Asks: 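Got a structure for you, questions after.
Both ligands and their constituent atoms are indexed starting at 1 by order of listing. Reckoned from all heavy atoms, side chains included, excluding hydrogens, waters and symmetry mates. A quick note: this is a predicted structure, and the numbers were derived from the prediction, not measured. If you read the sequence from its start, that first residue is 1, and numbering goes on from there.
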Amino acid sequence: MNNRTFTMIKPDATEKGYTGGILKMINDAGFRIAAMKMVHLSEKKAGEFYAVHKERPFYGELVEFMSRGPITAAILEKDNAVEDFRKLIGATNPKDAAEGTIRKLYAASIGENAVHGSDSDENAAIEGDFFFSKLEQF
Ligand code: CMP
């Protein structure tokens with residue numbers, strides 16, 4: 001399926017009250033919400049989600065950050081979802097993010113970068129299934 005992606009609104013953005021603003025940008029960009037929930041990840045669950053980054057120097061910091069407070073997880077649908085959503089969120093480091101992107105507006109740093117977006121169709125499906133049962137995906 002190449003018309004779905006997965007996102008999380010991260011703890012930094014949740015703490016600052018940016019959830020509504022970010023969801024509005026997602027809606028305005030034409031994505032349909034196919035699943036959504038607010039979750040407080042345990043360190044164990046955050047570590048599992050980001051297991052692909054286990055060997056990176058920032059892994060410990062990333063797991064601590066992602067389990068610091070609630071996130072909003074969602075599956076989004078649109079033609080060309082993965083690529084278009086990565087354009088909407090902007091570069092991983094907000095210093096490099098283009099004007100008008102979610103990270104340019106809402107992200108604080110490369111670590112606390114407000115939102116996650118899947119990097120491939122395969123990972124979008126894996127990440128969506130990590131949070132949502134098939135009964136919760138509409
Ligand atoms: P995300 O798109 O969720 O995928 C991996 C995350 O690791 C990334 O966003 C950042 O939050 C984090 N990350 C990537 N590079 C760094 C870095 N150099 N230092 C700290 N965190 C990073």
Asks: Of all the heavy atoms in E127, does at least one lie under 4.0 Å from an atom in ligand 1?
Replies: no
Asks: Does any N or O of ligand 1 fall below 3.5 Å from an N or O anywhere on T92, backbone included?
Replies: no
Asks: For ligand 1, which atoms, with element, lie under 4.0 Å from some heavy atom of R103?
Replies: 2 (O)
Asks: Checking side-chain polar atoms at under 3.5 Å, does N113 have a donor or acceptor matched by the opposite partner on K10?
Replies: yes
Asks: Can you list the ligand 1 atoms lying under 4.0 Å from a non-hydrogen atom of G111?
Replies: 11 (O), 20 (C), 21 (N)
Asks: For K45, is there an ion pair with E48 - N to carboxylate O distance below 4.0 angstrom?
Replies: yes
Asks: Can you pull out the closest protein heavy atom to atom 4 (O) of ligand 1? Residue, atom name and distance to 0.1 Å, please.
Replies: Y50 CE2, 3.7 Å
Asks: Centres of the F6 and F130 rings: under 6.0 Å?
Replies: no
Asks: For the pair R103 and D96, find out whether any cationic side-chain nitrogen is under 4.0 Å from an anionic carboxylate oxygen.
Replies: no
Asks: Among all protein heavy atoms, pick out the one at the shortest distance from atom 9 (O) of ligand 1; state its residue, atom name and that distance to 0.1 Å.
Replies: K10 NZ, 3.0 Å
Asks: Mark the output for R56 as yes if a heavy-atom distance to ligand 1 is under 4.0 Å, and as no if none is.
Replies: no
Asks: Decide whether a cation-pi geometry holds between K44 and F49; the criteria are a distance under 6.0 Å from NZ or CZ to the six-membered ring centre and an angle within 45° of the ring axis.
Replies: no
Asks: What is the nearest protein non-hydrogen atom to atom 5 (C) of ligand 1, stated with its residue, atom name and distance?
Replies: H53 NE2, 3.5 Å
Asks: Would you check if the distance from the ring center of Y50 to the ring center of Y59 is below 6.0 Å?
Replies: no
Asks: Please write down residue, atom name and distance for the protein heavy atom closest to atom 10 (C) of ligand 1.
Replies: I110 O, 3.3 Å
Asks: Can you check which of F58, F65, Y59 brings a heavy atom nearest to atom 17 (C) of ligand 1?
Replies: F58
Asks: Using a strict threshold of under 4.0 Å (side-chain N to carboxylate O), is an ion pair present between E112 and K16?
Replies: no
